Amino acid sequence: MTGDEGRVVLVVGGGGREHALTMSLTSSQSVSAVHVAPGNAGTAAIATNHPISASNIDGMLELALELAVDFVVVGPEAPLVAGLADRLRENGIACFGPDSENAMLEGSKIVAKQAMADLEVPTADYFVLQAGESLEEDIEEALDVFSGEPWVIKRDVLAGGKGVVVTENRNEATNFIKSSIETDGEVLVEAFLAGEEVSMLVIMDEHSAICLPPSQDHKRVGDGDSGPNTGGMGAYCPAPVVTPEINSRIMQRIVMPMHEGLSSQEIPYRGVLFIGLMIDAEGNPFVVEFNVRFGDPECQVTLPLIASDFGDMLYCAATGTLVEHEDEFNDLCSLTVVLASEGYPSTPIKGRMITGEGITSSGNSWISHAGTKLVDGELISNGGRVLSCTAIGGSLQEAAERAYSLIESLKLEGSHYRKDIGYRAL
Ligand code: AMP
Ligand code: GLY
C-alpha cells in the first residue's frame, strides 16, 4: 500500500464487466480512487469516468500519466492485443493485463493451440486450412475426419464472440471455411467436444496463481440453450459441475502447466487467464478457449465471492508480488441475469428509457450496467446487453430468486432475458 492513502487505479473499458470491476475496486480498503475510461452510467455513479475510448492506446497512456495512477486494470481484450499493457509498462505504470505477445493466447486460436501442444494441455484436435490449389480437397478431408458430430469452425482473429460456427450442416461449414480464408488467410476446423462448459478465471503473475471459483455462462439467447449465440445471457458461481476431483484434474492438467509455461517466458503473464473448459462425461477437462481478460458476465458473479481485498489482489499480480496477497473467499452463491435489448443479438434497438423501482437496488442484489447511458438524468439503453441483475445468497436458489425479482421490477420496451439461468445447478 502507498501509506495510509490507498492506491489510485484506472479501469479500461465500459461494459458490465468493468462496472463489476469498479464496484469491487471501490469497496477495496487498499484503493482510494477509481477512474474509468470510458465507463458507463453505472461506473459514473461510483467512480470518475473519462471520455477516452478503450481502443485509444496513446490517449489511455496519457490519462494514466496525468492521473498518476498506481496501476491500470484492462477490461477488454482488444487493447491488450493492441499493446496497451506494453506501452504502460514501458512508461513505468503497473498494468493488470498481459503484454501483446501473451495476449495472442486470445488473439489467435492457432497460437493458443501451439502453446497447448507445447505444454501438453488437453484440447480438441484440429486442422488449419489455408488458400491453395488443394483447398477443395483439404476442406473435404477435414470435414470427413470430424464427421458424425457437429463441425466446429473457428476464425483465427479477434471476432468479438462471432468467430466460431458450430453446425451440423456441411454446406454452412464449407461456406464459413471459405469466407474465413478469404478475409483472414486461414481458418481452424476443430473436433467437437461434448460435455458441460465451465469458466475458470486464474489471476497470475510469474510466481503465483490464484484460481477464482468456477462459474458457468449461458451463451445462447433463449431458454434451454436455444437460438443464436450471444456474448452471454447470464451466469452463476460457483458451478457445482466442478467437483473437488474435477478441480484437481483442471489444476494438474491445465492450470499448473499453463502457469509454468507462461511464467518461464521473458515477459511473464500478469493478469487474469480465462480458461473456457469443456468437462466430458467422464469428468475430463479440455480447453475450449483462452481469454486474456475477465469473462463478461462471469466477472459479475465471481467477484462477489472474493472476501480478500480485490484491489490488492490485482495490484499484486500487476507488480509480480501476488505471493504477498492472502486470498480469501466467502461461502456465498451468486447469479446474474442479463437484460437484452429488443432484437439482440442480431439487430439490437438502442436509445430507449429504462425505468422501474429496481433501478436503485442495493444490498443483496444490484444492477451491473453494460450498455447504458444517462441523458438528462434519464437512464437510456445504449447497447445489446443493457445491464444485468446480480444477486448473492446463501444458496444458488436464493441468489436466483433475488436476481429475478430485481429484473422483473425493471421496464425497458421490447427487452428480453432468459428465465432459466442456473438451471443446470438448480
Ligand atoms: P470460443 O470462441 O472458442 O469460445 O467458441 C465459442 C463457443 O463455441 C464456445 O463457448 C462453445 O460453446 C462452442 N465451442 C467452441 N469450440 C468447441 C468445440 N471444440 N466443441 C464444442 N463446442 C465448441
Ligand atoms: N462470457 C464469455 C466471455 O466473456 O468470453
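All of these numbers come straight from a predicted model, not from anything done at the bench. Whatever order the structure lists ligands and atoms in, that order sets their numbers, starting from 1. Here, residue 1 is the first one in the sequence, and each next residue gets the next number.
For the atom pair T22 OG1 and N40 CG, the distance stands at 8.0 Å (nearest 0.5 Å). From I57, atom CD1 reaches atom CG of L61 across 9.5 Å, with rounding to the nearest 0.5 Å. Taking OG of S334 as the start and CD of E398 as the end, the distance is 12.5 Å to the nearest 0.5 Å.
A cation-pi arrangement is not found for K178 relative to F176, the charged atom failing to lie both closer than 6.0 Å to the ring centre and inside a 45° cone about the ring normal. A cation-pi geometry, defined here as NZ or CZ lying under 6.0 Å from the six-membered ring centre and within 45° of its normal, does not hold between R385 and Y344. Cation-pi geometry between R7 and Y315 is satisfied (NZ or CZ under 6.0 Å from the ring centre, within 45° of the ring normal).
At least one heavy atom of R293 sits under 4.0 Å from some atom of ligand 2. Every heavy atom of G232 sits 4.0 Å or more from the atoms of ligand 2. Heavy atoms of S199 stay at 4.0 angstrom or farther from ligand 2.
The F192 neighbourhood of ligand 1 comprises atoms 20 (N), 21 (C), with distances under 4.0 Å to a heavy atom of that residue. Within ligand 1, the atoms closer than 4.0 Å to a non-hydrogen atom of A191 are 18 (C), 19 (N), numbered from 1 in the order shown. Which parts of ligand 1 touch L193 is read off a 4.0 Å heavy-atom cut-off, strictly below it: atoms 18 (C), 19 (N), 20 (N), 21 (C). The contact set between ligand 1 and E289, taken as ligand atoms under 4.0 Å from a residue heavy atom, comprises 1 (P), 2 (O), 3 (O), 4 (O). Close approach of ligand 2 to N291 (heavy-atom distance below 4.0 Å) involves ligand atoms 5 (O). The contact set between ligand 2 and G231, taken as ligand atoms under 4.0 Å from a residue heavy atom, comprises 1 (N). Near G295, meaning under 4.0 Å from one of its heavy atoms, ligand 2 places the atoms 4 (O). Within ligand 1, the atoms closer than 4.0 Å to a non-hydrogen atom of K154 are 3 (O), 15 (C), 16 (N), numbered from 1 in the order shown.
Ranking the protein heavy atoms by distance from atom 19 (N) of ligand 1 puts E190 OE2, 2.7 Å first. Protein heavy atom in closest approach to atom 14 (N) of ligand 1: V288 CG1, 4.0 Å. Closest protein heavy atom to atom 22 (N) of ligand 1: M278 CE, 4.0 Å. When only non-hydrogen protein atoms are considered, atom 5 (O) of ligand 1 lies nearest to V164 CG2, 3.4 Å. In this structure, atom 2 (O) of ligand 1 lies nearest to the protein heavy atom K109 NZ, 3.2 Å. Scanning the protein for heavy atoms near atom 17 (C) of ligand 1, the closest one is V152 CG1, 3.8 Å. At the top of the distance list for atom 12 (O) of ligand 1, counting protein heavy atoms only, stands E197 OE2, 2.5 Å.
Each of V198, V255, L201 was compared with I275 under the side chain to side chain contact (heavy atoms under 4.5 Å, CB included) criterion, and only V255 meets it.
Salt bridge status for K113 with D125: absent, with no side-chain N to carboxylate O gap under 4.0 Å.
For the pair D217 and ligand 2, the shortest N or O to N or O distance falls below 3.5 Å. Residue K219 has at least one N or O atom closer than 3.5 Å to an N or O atom of ligand 1.
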#### Entry: Check against side-chain hydrogen bond (donor to acceptor under 3.5 Å, both in side chains), Y236 and Q216
CA-CA 6 Å; Y236 64 98; Q216 193 166 59; 2.4 Å; yes
### Task
Could you go through the side-chain hydrogen bond (donor to acceptor under 3.5 Å, both in side chains) check for Y417 and D223 one step at a time?
CA-CA 9 Å; Y417 58 88; D223 286 1; over 6 Å; no
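Heavy atoms from other residues, nucleotides or ligands lying under 6.0 Å from NZ of K419 number more than 12. Other residues, nucleotides and ligands contribute more than 12 heavy atoms inside 6.0 Å of the CG atom of D118.
The six-membered or imidazole ring of F146 lies near that of F127, with a centre-to-centre distance under 6.0 Å.
Nearest residue to atom 13 (C) of ligand 1 from V166, I153, V165 is V166 (criterion: closest heavy atom).
In this structure, atom 7 (C) of ligand 1 has no protein heavy-atom contact shorter than 4.0 Å.
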